[in-house]
Amino acid sequence: MIIIMDPQATEAEIESIQQEIKRIGFRPFMNPGVERKVIAVLGELDVRKADLVEHFQAMPGVVRVDLISDLWKLASRQYHPQDTIVKVRDVEIGGSVVVVAAGPCSVESEKQTIEIAHLVKAAGAKLLRGGAFKPRTSPYSFQGLGEEGLKILAKAREETGLPVVTEVMDTHEVDLVCKYADVLQIGTRNMQNFALLKRVGSTGHPVLLKRGLGSKLRDLLMSAEYIISEGNQQVILCERGITTFEDATRNTTDINAIPVLKHWTHLPIVLDPSHSTGNWQYVDSISKAAVAAGADGLLVEVHNDPIHALSDGPQSLRPEKFEALMNQLRRVAEAVGRSI
Ligand code: PEP
Ligand code: MN
């Protein structure tokens, strides 16, 4: 439920609505930084909502009370009709410019990361991706460089100016990752790690939330809700392919996710064609499809020596292939009224 206040409503009127929400056992939530004075009422309203609408409608300063039928109240477009723009230093995600984040799956060394960072920047990437903490299916696979990897990413940012997107896997590492990263990535395997979602929600850091391997879009939005309801609306959703019966590709890209999420939520949507296909040969087509379908950005794995990559070499583009892709994407973006 949202309570839309008169733009002239006084602080005292707003305060008394907030007190009343708490008194009857719900949580008031003010949408930060928005011109409209809207108070969201959070909690399970199901039984009492008709009475509550009337109750709040009668209070001073209230223009209207609306029910939000979506379960993801704060992530819903019903609550926030305008697109949310997530700001990462001077990069804006969710506006008219399609933002490409590119870089290696894993940070392997300083030389590798900085070399790739320069190359993807020259090709037009606006963000650098790279994992320092790696979620691997096998405990015997490369697990990432940890803090050393974060330091390398920070150095790459210093040298190129590209803000950094990197994964955080554990609540205990959130402060550490925040020290170095510009965007906290929540990986597919952690989409429903609710403790982690709440923890990143309590930071002011932008979050890139990846869809779970077997998660519905409704569940993705409920996970975003965990983050936003802790006070952090800087959430970017990421479609990264889902598990289906099809085994020709590592995952199945759900292109439908883009228009559906655009309809259901105000949050920006990016697509990861590297994990969604698992094969560099298909990254090009799926990247173009995503931009044509309205994605706000892409997360692409690029490696200068994919054969020897410590993770995800087979799905990583060589820098020259990435550059060729960016050149084509500019034209696709233009065809749908955007730029890169
Ligand atoms: C990654 O981006 O490197 C990654 C591990 O992604 P996902 O969580 O989507 O598998
Ligand atoms: Mn990867």
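Only heavy atoms go into these numbers, but all of them, side chains included; no hydrogens, no water, no symmetry mates. As the structure lists them, so they are numbered: ligands from 1, and atoms in each ligand from 1.
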Do any nitrogen or oxygen atoms of [X] come within less than 3.5 Å of a nitrogen or oxygen of ligand 1?
X: Arg240; answer: yes
X: Asp312; answer: no
X: Glu167; answer: no

Legend entry - Salt-bridge criterion met for Lys179 and Asp175 (N-O under 4.0 Å):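 Judged by the 4.0 Å cut-off on N to carboxylate O distance, Lys179 and Asp175 do not form a salt bridge.
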Inset, instruction - Inspect the contact between Arg64 and Asp66 and indicate whether a charged nitrogen and a carboxylate oxygen are less than 4.0 angstrom apart. - result: yes
Legend entry - Pairwise distance CD(Glu301) to OG(Ser274) - rounded to 0.5 angstrom: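 Result: 5.0 Å between the selected atoms.
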Legend entry - Approximate separation, where rounding is to 0.5 Å, of Gln112 CD and Glu110 CD: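 If I round to the nearest 0.5 Å, the distance is 11.0 Å.
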Using a 4.0 Å cut-off to any heavy atom of [X], which atoms of ligand 1 qualify?
X: Arg189; value: 8 (O), 10 (O)
X: Glu301; value: 3 (O)
X: Gly187; value: 8 (O)
X: Lys134; value: 1 (C), 3 (O), 5 (C)
X: Cys105; value: 3 (O)

Which protein non-hydrogen atom lies closest to [atom], naming both residue and atom, and how far is it?
atom: atom 4 (C) of ligand 1; value: His275 NE2, 3.5 Å
atom: atom 6 (O) of ligand 1; value: Lys210 NZ, 2.8 Å
atom: atom 8 (O) of ligand 1; value: Thr188 N, 2.8 Å

Inset, instruction - With the Mn ion (ligand 2) at the centre, find the angle made by NE2 from His275 and SG from Cys105, to 10°. - result: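 About 170° at the Mn ion (ligand 2).
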Inset, instruction - Say whether Gly131 and ligand 1 are in contact under the criterion: heavy-atom distance to a ligand atom below 4.0 Å. - result: no
Inset, instruction - Check whether any side-chain heavy atom of Met169 sits under 4.5 Å from a side-chain heavy atom of Phe133, and report yes or no. - result: yes
Legend entry - Heavy-atom check, side chain of Val164 versus side chain of Tyr180, under 4.5 Å: no
Inset, instruction - Tell me which N, O or S atom of Asp312 sits nearest to the Mn ion (ligand 2). - result: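 For Asp312, the N/O/S atom sitting closest to the Mn ion (ligand 2) is OD2.
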Inset, instruction - For the Mn ion (ligand 2), find the closest N/O/S atom on Glu301 and give its atom name. - result: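 Relative to the Mn ion (ligand 2), the closest nitrogen, oxygen or sulfur of Glu301 carries the name OE2.
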Inset, instruction - Determine yes or no for a side-chain-to-main-chain donor-acceptor pair under 3.5 angstrom, with Arg338 supplying the side chain and Gly294 the backbone. - result: yes
Inset, instruction - Examine distances only and state if a side-chain atom of Asp83 and a backbone atom of Gly95 form a donor-acceptor pair shorter than 3.5 Å. - result: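 No, because the side chain of Asp83 does not come within donor-acceptor range (under 3.5 Å) of the backbone of Gly95.
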Inset, instruction - Please report the C-alpha distance between Asp219 and Arg211 in whole Å, then the side-chain angles of each, then the deciding distance to 0.1 Å, and finally whether the salt bridge (Lys or Arg N to Asp or Glu O under 4.0 Å) criterion is met. - result: CA-CA 9 Å; Asp219 298 324; Arg211 180 182 185 179; over 6 Å; no
Inset, instruction - Look at the side-chain heavy atoms of Ile, Leu, Val, Met, Phe, Trp and Tyr, link any pair under 4.5 Å apart, and say whether Ile269 and Ile242 land in one connected group. - result: no
